[in-house]
2 protein chains.
Amino acid sequence: MHSLALIDLTADTPCCPPLAERRVPADTAAVLALAFKALGDPVRLQLLSMIASAEGGEACVCDLTPAFDLTGPTISHHLKALREAGLVDAERRGTWVYYRARLAILRQLAALLTVEPTHAG
Amino acid sequence: MHSLALIDLTADTPCCPPLAERRVPADTAAVLALAFKALGDPVRLQLLSMIASAEGGEACVCDLTPAFDLTGPTISHHLKALREAGLVDAERRGTWVYYRARLAILRQLAALLTVEPTHAG
DNA sequence: CCTCTAGGTTGACATCTATCTAATCAGTGT
DNA sequence: ACACTGATTAGATAGATGTCAACCTAGAGG
């Protein structure tokens, strides 16, 4: 859809040096911002956390939905946003759908925000 | 303004364990999502990067603005968003205003996204 | 084939957001 | 006091976003 081909956040090798090391180029910023935007909602942040911290590294939608005071479609909408941001993968097994976090991307984002422990911020 | 008092992202001690370690509570997610939302825009991501990677750890608005194809007020708007998210500090010196990244918060966010390098994601 | 359940899709609506122009505020210097 | 420059604020507007009700799709199991 959008130019995710330019920067591959899925790769195991770091896509970009830390944000504080050198200026993030516009192309890169556009891709990275999509990921952060997906994290920029309390529901999605909790969803991702529930998925990433779940037993076996995966969570069923049937377990995620009742954890919120929201309707099914709304949860589904947020999960789609996480999927399209590349933060999670979905797999259908029978009636249920299981979500799994894409750890490589989380690492990329963490690395981007990492700063030297030199001077207190 | 909003309940930043509940969770202090400015503290040097980690506010929260990694997202993948245990589920982020709703209160915490609400605060953290504000920070990620601020990062969820390409312009703001570049601004923060320019500020954090600048010589001396600070950047003048007068240097930031011409780097974008946007008007002054728009840049000012984004800088305000970064300020209110607690990601940067502003200081006026004479005619100019200098911005500085809040490294402690960046570390908090990086720590939150950090995952064990165990299984490839 | 029918029905039941788990999820996802569509369409609508209220709210929020990114951007601009115009106006305002803060400092410098004449 | 006045004019000039840097930066923020205010108001307006087009577009994006979160939410829901209603509907549709995919499997499981009679």
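We name chains A, B, ... by the order of the sequence lines, and we start the count at 1 in each one.
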Quick one: which protein N/O atoms are closer than 3.5 Å to N/O atoms of nucleotides 15-21 of chain D? Pair and distance per line, please.
from   : atom 1 : to      : atom 2 : distance (Å)
D:dT17 : OP1    : A:Lys37 : NZ     : 3.1
D:dG18 : OP1    : A:Arg44 : NH1    : 3.3
D:dG18 : OP1    : A:Arg44 : NH2    : 3.0
D:dG18 : OP2    : A:Arg44 : NH1    : 3.4
D:dG18 : OP2    : A:His77 : NE2    : 3.4
D:dT19 : OP2    : A:His78 : NE2    : 2.4
D:dC20 : OP2    : A:Thr71 : N      : 3.1
D:dC20 : OP2    : A:Thr71 : OG1    : 3.1
D:dC20 : OP2    : A:Thr74 : OG1    : 2.8

Side chains of B:Leu87 and B:Ile51: does their closest heavy-atom pair fall under 4.5 Å? no
Donor-acceptor under 3.5 Å (A:Arg92 side chain, A:Gly94 main chain): yes
Could you give me the CA-CA distance, side-chain angles and deciding distance for B:Leu113 and B:Phe36, then say whether side-chain contact (heavy atoms from CB on, under 4.5 Å) is met? CA-CA 11 Å; B:Leu113 297 179; B:Phe36 284 123; 4.0 Å; yes
A:Arg93 or B:Arg83, whichever maps to the more 5' nucleotide of DNA chain D: B:Arg83
Rounded to the Å, how far apart are B:Ile75 CD1 and D:dT9 C1'? 16 Å
Which atom pair, heavy atoms only, marks the closest approach of A:Arg44 to A:Ala38? NE-O, 2.7 Å
Report yes if some heavy atom in the side chain of A:Ser53 is under 4.5 Å from a heavy atom in the side chain of B:Glu21; otherwise report no. no
Nearest-angstrom distance from the residue atom NZ of B:Lys80 to P of C:dT19: 16 Å
B:Glu91 has an atom CD; how far is it from atom C1' of D:dA7, in whole Å? 15 Å
Determine whether A:Leu45 and B:Leu19 make a side-chain contact, defined as any pair of heavy atoms from C-beta on separated by less than 4.5 Å. yes
Within residues 45-53 of chain B, find the residues that approach DNA chain C with a heavy atom at under 4.0 Å, and present them sorted by residue number. none
Is there a side-chain contact (heavy atoms from CB on, under 4.5 Å) between A:His78 and A:Phe68? Walk through the geometry before answering. CA-CA 12 Å; A:His78 285 302; A:Phe68 298 87; over 6 Å; no
Rounded to whole angstrom units, what separation is found between the CG atom of B:Leu64 and the C1' atom of D:dA7? 12 Å
I'd like to know if the side chain of B:Arg83 and the backbone of B:Tyr99 have a donor-acceptor N/O pair within less than 3.5 Å. no
Picking from C:dG7, C:dG8, C:dG27, which would you name as closest to the side chain of A:Leu79? C:dG8
Here the distance between atom C1' of D:dG27 and atom CH2 of A:Trp96, to the nearest Å, is 9 Å
Establish, with yes or no, whether the OP1 or OP2 oxygen of C:dG8 is under 4.0 angstrom from a side-chain nitrogen or oxygen of A:Tyr99. yes
Measuring only between side-chain heavy atoms, which start at C-beta, is A:Cys16 closer than 4.5 Å to A:Leu112? yes
Rounded to whole angstrom units, what separation is found between the CZ atom of B:Phe68 and the C1' atom of C:dA18? 14 Å
